[in-house]
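Working notes, beginning with the structure itself.
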Amino acid sequence: MLATASSTEIAFLMVALIQGVFAIVWGIGAYAVATQRNAVLHWVAWSALSAFTWIVLANQFQQPPFIAVLAGVIAVMALQRGIRLFIGEKPPQRAHLVLLVVELLALWVGNAPESRPLQAALNYSVLSSLYFYTAWDLYRHARDRLQFRLPVILALPVLFGGLAYGSRVVRAIVDPQSVLTQMAADSSLNVHGALIFVVLVLSLHATLMVLVVARLVNELRRLSRHDGLTGLLNRRAMEELLDAQVERSRRAEEAFAVMMLDLDHFKRINDQHGHPVGDLALKHVASLLAEGMPTSASLARFGGEEFVVLLRGASASQASQVAERLRESLASRPLSHQGNLLALSVSIGVAQWRGRTDELAQLFLRADGALFQAKVQGRNRVVLSIETRAPQPAMA
Ligand SMILES: Nc1nc2c(ncn2[C@@H]2O[C@H](COP(=O)(O)OP(=O)(O)OP(=O)(O)O)[C@@H](O)[C@H]2O)c(=O)[nH]1
């Protein structure tokens, strides 16, 4: 059959084959990756509908049937809906409805020779609008959520699709005769169009894969920086923040302080009520601490029942005030469990960065020493490191 096929038929069937293969690939992906299944199923629909369109067009490009043209448009809508769902946004229902109406108008205009250029112009306008709109979605996502240095990169293939169809709209308007003759024939316009589409769909699938990989990388990064029980930053993330803060403070002489918080007699909660209740208490404490945290501060679960707070720009007395507020908040809001109120309290050691010559390890030793003093003095209290209170080198 292929031996007798025209160049246009072969080119169109090639696009259909690629889209068919990717429909299967995304179908397998949808079942392999349980999350985002709905979004990925939209990409299956896009690939499958697009494959269907190109198979029908390969056989009837002289008089493209209504159903194939419509399927082509719905395919691109499915692509955009899938992308929107994947990035956690609502699909653009109203815009799609408007574009569908324009597409139906194109079909109503009909493909008789005198109306074919107008129909083509309307059809290509719908397709190019969909591609431009999707490019904008991808650009925003790359810029705001993925924080790509060059966000336009992610949108390039779709932008290219918008431009390719946009140029066809212009052509249908300024040179309707060529549309009429070339689209209906085994022409270079059709073959080039199909080849461009091969590049377009391959780069579109690559774009979708970048989206999937970027999400997995972000998720892994998030998991590696957060504590599984409380959702707070973990020790590693806090150490990174502190290292960066020391660098900034050495460079810009920015003040900062750290707080070490340790729950009092936490072992008793575990012993008396069981480990699961101990876990609930840790979550309760984490949410109270997070609630009372100034916006410029970072909070981490450092290990076990110990938490660390980095207070940027805070003086020793400001840090002590924040610590006192947190202590009070915890002491006054016990954990409610099965009708019982479990009292919780925390001891807090505070130490301030003493300027350029200070070391993080020393700062931690001071905060730990202050925490130890808080425990020794009877718990449920805040102690400011003695060295912090001693005369300090000048600080901005
Ligand atoms: N439920 C639960 N308990 C934990 C977790 N991590 C550490 N612990 C418990 O925290 C308790 C800490 O006990 P200790 O270090 O003796 O301290 P404490 O009882 O709080 O006494 P002080 O710190 O001296 O006031 C131990 O019983 C640990 O098993 C956790 O993730 N979940």
Side-chain angles (χ1 to χ4, degrees), residues 34-35 88 219 222-239 241-242 257-312 314 316-351 364-385 388:
T35 58
E219 184 59 15
R222 198 189 62 77
L223 287 175
S224 75
R225 289 173 55 83
H226 288 80
D227 167 50
L229 179 69
T230 60
L232 298 181
L233 292 177
N234 61 16
R235 183 182 190 126
R236 179 216 300 232
M238 178 52 87
E239 283 173 348
L241 289 180
L242 285 164
V258 295
M259 256 186 233
M260 286 182 108
L261 306 90
D262 191 284
L263 294 185
D264 297 328
H265 298 307
F266 189 62
K267 193 171 175 311
R268 284 187 201 161
I269 303 230
N270 276 335
D271 292 348
Q272 288 171 11
H273 304 278
H275 214 263
V277 178
D279 283 353
L280 280 181
L282 284 170
K283 286 195 209 176
H284 174 71
V285 168
S287 76
L288 288 183
L289 293 177
E291 198 183 297
M293 213 40 61
T295 44
S296 58
S298 298
L299 162 68
R301 180 178 178 209
F302 220 55
E305 20 75 86
E306 189 172 286
F307 299 83
V308 165
V309 177
L310 159 63
L311 285 152
R312 296 181 186 82
S317 69
Q318 286 167 334
S320 297
Q321 281 168 21
V322 174
E324 188 52 36
R325 257 203 335 266
L326 293 175
R327 186 200 64 74
E328 269 174 27
S329 142
L330 241 82
S332 62
R333 291 163 76 179
L335 170 69
S336 162
H337 178 67
Q338 292 180 344
N340 296 321
L341 290 178
L342 301 185
L344 294 162
S345 71
V346 69
S347 300
I348 307 181
V350 180
F364 260 81
L365 275 180
R366 297 201 299 278
D368 203 28
L371 172 61
F372 179 72
Q373 286 305 317
K375 293 275 183 189
V376 170
Q377 289 171 24
R379 296 176 171 80
N380 189 21
R381 69 195 57 220
V382 175
V383 171
L384 179 61
S385 150
T388 305

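If you read the sequence from its start, that first residue is 1, and numbering goes on from there.
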Does Ser329 reach the main-chain N or O of Arg325 with its side chain, forming a donor-acceptor pair under 3.5 Å?
-> no
Given the options His275, Lys267, His273, Arg268, Asp271 meets side-chain hydrogen bond (donor to acceptor under 3.5 Å, both in side chains) only with Lys267
Test side-chain contact (heavy atoms from CB on, under 4.5 Å) applied to His226 and Leu233, step by step = CA-CA 4 Å; His226 288 80; Leu233 292 177; 3.6 Å; yes
Answer yes when Arg236 and Glu239 have at least one side-chain N-carboxylate O distance shorter than 4.0 Å, and no when they do not.
-> no
Flag side-chain contact, heavy atom, 4.5 Å: Phe307 against Val285 = yes
Ion pair Lys375/Asp264, N-O distance below 4.0 Å | yes
If you measure from the Lys or Arg side-chain nitrogens to the Asp or Glu carboxylate oxygens, is any gap between Glu219 and Arg222 under 4.0 Å?
-> yes
Give, for atom CG of Leu335 and atom CG of Leu288, the distance between the pair rounded to the nearest 0.5 Å.
-> 9.0 Å
Looking only at heavy atoms, the pair that brings Phe364 and Met260 closest together is CD2-CE, 3.8 Å
Could you tell me whether the side chain of Leu311 reaches within less than 4.5 Å of the side chain of Gln318, counting heavy atoms only?
-> no
One should read off an interatomic distance between His284 NE2 and Thr230 OG1, to the nearest 0.5 angstrom, of 14.0 Å
Nearest-0.5 Å distance that lies between atom CG in Leu261 and atom OG in Ser347 | 9.0 Å
Of all the heavy-atom pairs spanning Ala331 and Asn380, show the shortest one and how long it is.
-> CB-OD1, 4.1 Å
Can you tell me how far the CZ atom of Arg235 sits from the CZ atom of Arg301, to the nearest 0.5 Å?
-> 12.0 Å
Could you pull out the closest heavy-atom pair between Ser385 and Arg366, with the gap in Å?
-> OG-CB, 3.5 Å
If you draw a 6.0 Å radius around CZ in Phe372, do more than 12 non-hydrogen atoms from other residues or ligands fall strictly inside?
-> no
Is Arg312 close to Ser298 at the side-chain level, that is, under 4.5 Å between some pair of heavy atoms?
-> yes
Keeping the roles fixed (side chain from Arg381, backbone from Arg379), state whether a donor-acceptor pair exists under 3.5 Å.
-> yes
Student check: side-chain heavy atoms of Met238 and Leu232 closer than 4.5 Å | no
Considering non-hydrogen atoms only, spot the tightest contact between Glu291 and Arg333 and give its length.
-> OE2-NH1, 3.0 Å
Closest non-hydrogen atoms of Leu223 and Asn234, given as atom of the first, atom of the second and distance, are O-ND2, 4.5 Å
Under the side-chain contact (heavy atoms from CB on, under 4.5 Å) criterion, do Leu326 and Met259 qualify, and how do the steps go?
-> CA-CA 11 Å; Leu326 293 175; Met259 256 186 233; 4.0 Å; yes
What are the two closest heavy atoms between Leu282 and Gly304, and how far apart are they?
-> CD2-O, 3.9 Å
Pairwise side-chain contact, Ile269 with Leu344, heavy-atom cut-off 4.5 Å (strictly under) | yes
Quick one: do Leu330 and Leu289 satisfy side-chain contact (heavy atoms from CB on, under 4.5 Å)? Show the steps, please.
-> CA-CA 8 Å; Leu330 241 82; Leu289 293 177; 3.8 Å; yes
Do Glu324 and Ile348 touch side chain to side chain, with heavy atoms closer than 4.5 Å?
-> no
Measure the spacing between CG of Leu241 and CG of Leu299 and express it to the nearest 0.5 Å.
-> 11.0 Å
